[in-house]
Amino acid sequence: MKPSRRETLALLAGSAATVLAGPAQARAEPTLSEAARGAGIVFGTSIAADTLADPAQATLYRREAGIFTVDYALKFGALRPEADQFLTADADAILAFAGPIPVRGHTLAWNESRPDWLMALSTAEKRKALDRHVDETVGYYAGKLHSWDVVNEPFWPGHGLPGGFRDGPWLEAFGEGYVERAFRRTAAADPNVRLVLNEAMTERWDETGAAIRAGLLKLVDRLQDRGVRLDVVGLQGHMLPQYPYDDNGFSDFVAELATRRVDIYITELDIDDARFPRDVAARDAMVAARYRDFLSAVLVVPAVKMVITWQLADSASWYYHGELEAHPSASRLPRPLPFNDHLQPKPARDAMLAAFGSRRA
Ligand code: XIL
């Protein structure tokens, strides 16, 4: 499991690290955003209102990112914890911070963001709640966002429903038609915003991943057959090492999706290191290798136009926050991202630079 020192060194030699650690007169290190631009793509990160509370962290995010995704402030439950609330302050703060950097909205129709008051509604009321949510939210931000993850995670085969759809309030209210409905209403409320269908676990190379990939291809075909505008398919890329992966197989799937004339964004990339060795150098090397292998394979597909990590520094990761919540005195904290909790670049950052660099070559 644990890579040998030779393997670790080989990994680093294969990355940009050796070049970047060159003599003082060497060119300044590129940011991730600059390196991505050289590869013809946009690099970005998710960001939360509390990410901005630390000025050093805020500076890092603004320096490295060419686009931001609002991490959770725009989810149904965050905007509308009670039926009569519409809490936009956190997302507004992110937009103000971003200035000229484009911001992506995440997410309008997601069956997992469902406050109690919503679940207590009748079917007819749930239908009205989705329509009102999309119309009001998209209307409020019209002209201010780059794109909306209109529907998030439509599939979850584990729920055992026909077609593999994820269960929840919107599926209950409309059946699978909630997807089309959310896309049409979003387009109507903000005609210029890019419309994204975002899905999880498509990278998993097992039965679950295969079912999600098949469902997603079918859904894209159906939406397009029905004349629904769909600009982008977002593939999250939360990599969990307990599952098998096949980067080239995944890249073939991405190429197949791209034949549908959609752009592809990798929308939520991070590497869960919970099962990697405790030793930090070994762990960082394995995380870096996963970034390098995944990105090198997927960036072969020209339709991949964007790579977004789910936060940028380990200390802002949902895994890091989750671990500290569960075990406040935890001595081993997650290291899933390109920068560490002191905001310093890690081998994962170098691996990303190398992967971006190899696309240009
Ligand atoms: C995560 C947020 O980052 C966390 O703060 C929250 O506790 C749980 O959700 N896939 C998604 C994101 O589409 O919305 C999730 O975000 C991560 C998994």
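Just so it is clear, the structure is predicted and the values come from calculations on it, not from any experiment.
In this structure, the side chain of R332 engages the main chain of A274 through a donor-acceptor pair within 3.5 Å. Proximity of a side-chain donor or acceptor of Q85 to a complementary backbone N or O of E82 within less than 3.5 Å is detected. Not one N or O on the side chain of E268 forms a donor-acceptor pair closer than 3.5 Å with the backbone of G237. The main-chain N or O of E34 is found under 3.5 Å from a side-chain atom of T31 such that the two form a donor-acceptor pair. Without hydrogens or angle criteria, T309 side chain to T45 main chain gives no donor-acceptor distance under 3.5 Å. A donor-acceptor pair is defined here as one N or O able to donate and one able to accept, closer than 3.5 Å; no such pair exists between the side chain of E64 and the backbone of Y61. Side chain of H133 to main chain of K128: no donor-acceptor pair is present (N/O by atom type, distance under 3.5 Å, no hydrogens or angles).
For the pair L197/L219, a side-chain contact is recorded, criterion being any heavy-atom separation below 4.5 Å from C-beta on. Side-chain contact between L60 and L312: present, with at least one pair of heavy atoms (C-beta onward) separated by less than 4.5 Å. Residues L353 and L32 form a side-chain contact, since some pair of their non-hydrogen atoms from C-beta on lies under 4.5 Å apart. At a threshold of 4.5 Å between non-hydrogen side-chain atoms, the residues V179 and L223 count as touching. When side chains are defined from C-beta on, D272 counts as touching P241, because their heavy atoms get closer than 4.5 Å. No side-chain heavy atom of D279 sits under 4.5 Å from any side-chain heavy atom of R283. Counting heavy atoms from C-beta outward, P336 and D314 have side chains that approach closer than 4.5 Å. Here the side chains of R260 and L217 are in contact, with some heavy-atom distance below 4.5 Å.
Take D206 and apply the side-chain hydrogen bond (donor to acceptor under 3.5 Å, both in side chains) test, not counting sequence neighbours, and it matches R204. For K305, the side-chain hydrogen bond (donor to acceptor under 3.5 Å, both in side chains) partners at least two apart in sequence or on another chain are D263. Not counting sequence neighbours, the partners of E112 by the salt bridge (charged side-chain N to carboxylate O under 4.0 Å, His left out) test are R166. For F86, the ring-ring contact (aromatic ring centres under 6.0 Å, His included) partners two or more places apart in sequence, or in a different chain, are Y140.
Members clustered with I67: V42, V196, V232, Y265, M306, I308, by chain and number, using a 4.5 Å side-chain heavy-atom cutoff among hydrophobic residues. Annotation for L324: hydrophobic cluster partners, listed by chain and number, are Y320, L333 (ILVMFWY side-chain heavy atoms under 4.5 Å, direct or chained).
No side-chain donor-acceptor contact under 3.5 Å links E199 and T202. Neither side chain, Q236 nor E203, offers a donor N or O lying under 3.5 Å from an acceptor on the other. For the residue pair N152 / N198, a side-chain donor-acceptor distance below 3.5 Å is found, with atom types taken as modelled. Counted by atom type alone, S331 and R278 present one or more donor-acceptor pairs between their side chains at under 3.5 Å. Side-chain contact of E323 with H327: a donor-acceptor pair under 3.5 Å is present, judged by distance alone.
Residue pairs meeting the salt bridge (charged side-chain N to carboxylate O under 4.0 Å, His left out) criterion with at least one partner in residues 182-197, sequence neighbours excluded, are D131-R185, D135-R185, E180-R184. Applying the ring-ring contact (aromatic ring centres under 6.0 Å, His included) rule to pairs touching residues 183-217 yields nothing, sequence neighbours excluded. Within the structure, side-chain hydrogen bond (donor to acceptor under 3.5 Å, both in side chains) contacts touching residues 245-257 (residues at least two apart or in different chains) are D247-R290.
Between F155 and F165, the two ring planes are tilted [angle within 30° to 60°]. Aromatic ring orientation, W156 versus H159: perpendicular (interplanar angle above 60°, classes split at 30° and 60°).
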Please tabulate, for side-chain N and O atoms in residues 168-176, each donor-acceptor pair with protein atoms closer than 3.5 Å (sequence neighbours left out).
from	atom 1	to	atom 2	distance (Å)
E172	OE1	K126	NZ	3.3
E176	OE1	R222	NE	3.0
E176	OE1	R222	NH2	2.5

Below 3.5 Å, can you tabulate the donor-acceptor pairs from side chains in residues 68-77 to any protein atom, sequence neighbours excluded?
from	atom 1	to	atom 2	distance (Å)
T69	OG1	R104	NE	3.2
D71	OD2	Q311	NE2	3.1
Y72	OH	D50	OD2	3.3

Report, one line per pair, each donor and acceptor closer than 3.5 Å where one atom sits in a side chain of residues 293-300; sequence neighbours left out.
from	atom 1	to	atom 2	distance (Å)
S296	OG	R292	O	2.5

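Taking both residues in full, the closest heavy atoms of A78 and P81 are given as O-CD, 3.5 Å, listed atom of the first, atom of the second, then distance.
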Can Y291 and L269 be said to form a side-chain contact (heavy atoms from CB on, under 4.5 Å), step by step?
CA-CA 9 Å; Y291 274 106; L269 186 58; 3.7 Å; yes
What's the verdict on side-chain hydrogen bond (donor to acceptor under 3.5 Å, both in side chains) for D270 and W318, showing C-alpha distance, side-chain angles and the deciding distance?
CA-CA 10 Å; D270 60 13; W318 60 319; 2.9 Å; yes
Do R80 and T137 pass the side-chain hydrogen bond (donor to acceptor under 3.5 Å, both in side chains) test, and can you show the C-alpha distance, the side-chain angles, and the key distance before you say yes or no?
CA-CA 10 Å; R80 304 178 190 275; T137 311; 3.3 Å; yes
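Salt-bridge check for D273 with R335: failed, with every basic side-chain N at 4.0 Å or more from each acidic carboxylate O.
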